[in-house]
Amino acid sequence: MLNWKICELNTECSNTNKRAGGSQPGSDWRDDLARRVSAMTSLRRDEPLAGRTTMRVGGPAELLAEPASEADLAAILRFCAERGIPKFFLGRGSNLLVRDGGIRGVVVSLIHPEFARIVVEGARLRCGAGARLKNVAHEARRQNLTGLEFMEGIPGSVGGALRMNAGAMGSWTFDVVESIRVMSDEGVARDLTAAEVPVEYRSCPLLKAQIALSAVFIATGGERTGIDARMKSFSLKRWSSQPAAPSAGCVFKNPEAVPAGKLIDELGLKGACVGGARVSLEHGNFIVNEGNATARDVLELIELLRARVRAERGIELETEVEIVGE
Ligand code: EPU
């Protein structure tokens, strides 16, 4: 599946020139980009994204690129910079709400095996941005390394977890980062120590502009029984307090005063719905897709929750989930 360059051309030519990139009449910037990368890199036009997000809503990517090497990724980023084509970095889509009109420009996904490796070196795990956090946690467990158990239940990729400094069970991703490798818009890769990367609760501002390629996580030697016990208790806590239905994880950042889920619960808003989107009965900070939700339903429900919390408690809820597209 990965060693082909261009998917079926299912676009209507009359549409393409109005899109990103300002191509010449009769040409399509996506053809130009295809000439810049190797045949191993996958480029898919008008690729539906709903199935690539855990919320399962939203429109297509104008072009979905899955680079097969750092060189191809650099070529894509340089092309976007040259042509002024917008780009968006897609992880495992677990903290993402794509609007129904989809995403213009290039959506870059580091899902190719080249970017999903996990290499253990003593107590360090060198992990590609496309690796699943669950796999990182299990690899550490296999090596009797402790400290990464909290990643087990976070349904995202290393790249996404770095970008939003994802956390669970009292730990943040950057608690266990020794260094990261990033690439700039000019396609230049560099390594940074954790101390060189400012982070906040649920945010790593540097990675809004640059793409994370990999990270080195640092663990410590541990006992398998203790690791298993921690993983089990985290998993139990998660399954007993969070919904299994499709969602994008927590919708809002926790305000200082009170956790967002508790706030929404106290206001009796669990179960509130717009179309196919419903506030989870299990946890007030989750919106679940009941099967037929649109991004518009989810966004309307988010606004409804924010308005009620503002009116009744005077608190301004800030979304944690990343909202993108048109
Ligand atoms: N609570 C309620 N009602 C609810 C939900 C929660 O009263 O409907 C109460 C709980 O009983 C608890 C408090 O609110 O006393 C906090 O709830 P919880 O322990 O579930 O943690 P949280 O603050 O809601 C955070 C992260 C989660 C992470 C969990 C577990 C944020 C925004 N959320 O949730 O992360 O999984 O802790 O560690 O920081 C995510 O980032 O997408 C996410 C789900």
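We're numbering straight along the sequence, starting at 1. What you see is a predicted model; the values in this text were computed from it and never measured. For ligands, and for the atoms within them, numbers begin at 1 and follow the listed sequence.
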Does any donor atom in the side chain of Asp191 or Ser179 lie under 3.5 Å from an acceptor atom in the other side chain?
-> no

Do Leu125 and Leu145 touch side chain to side chain, with heavy atoms closer than 4.5 Å?
-> yes

Distance-only side-chain donor-acceptor flag, Arg230 / Thr146, under 3.5 Å | yes

Is Glu152 paired with Arg238 through a side-chain N to carboxylate O contact shorter than 4.0 Å?
-> no

Identified side-chain hydrogen bond (donor to acceptor under 3.5 Å, both in side chains) partner of Lys253 from the options Glu318, Glu320, Glu200 = Glu318

Sorted by chain and residue number, the residues with a non-hydrogen atom under 4.0 Å of ligand 1 are Gly167, Ala168, Met169, Tyr201, Arg202, Lys237, Arg238, Gln242, Gly249, Cys250, Phe252, Asn254, Pro259, Gly261, Lys262, Asp265, Lys270, His283, Gly284, Asn285, Phe286, Glu320

Worked check of side-chain contact (heavy atoms from CB on, under 4.5 Å) between Val309 and Phe252 = CA-CA 12 Å; Val309 167; Phe252 301 107; over 6 Å; no

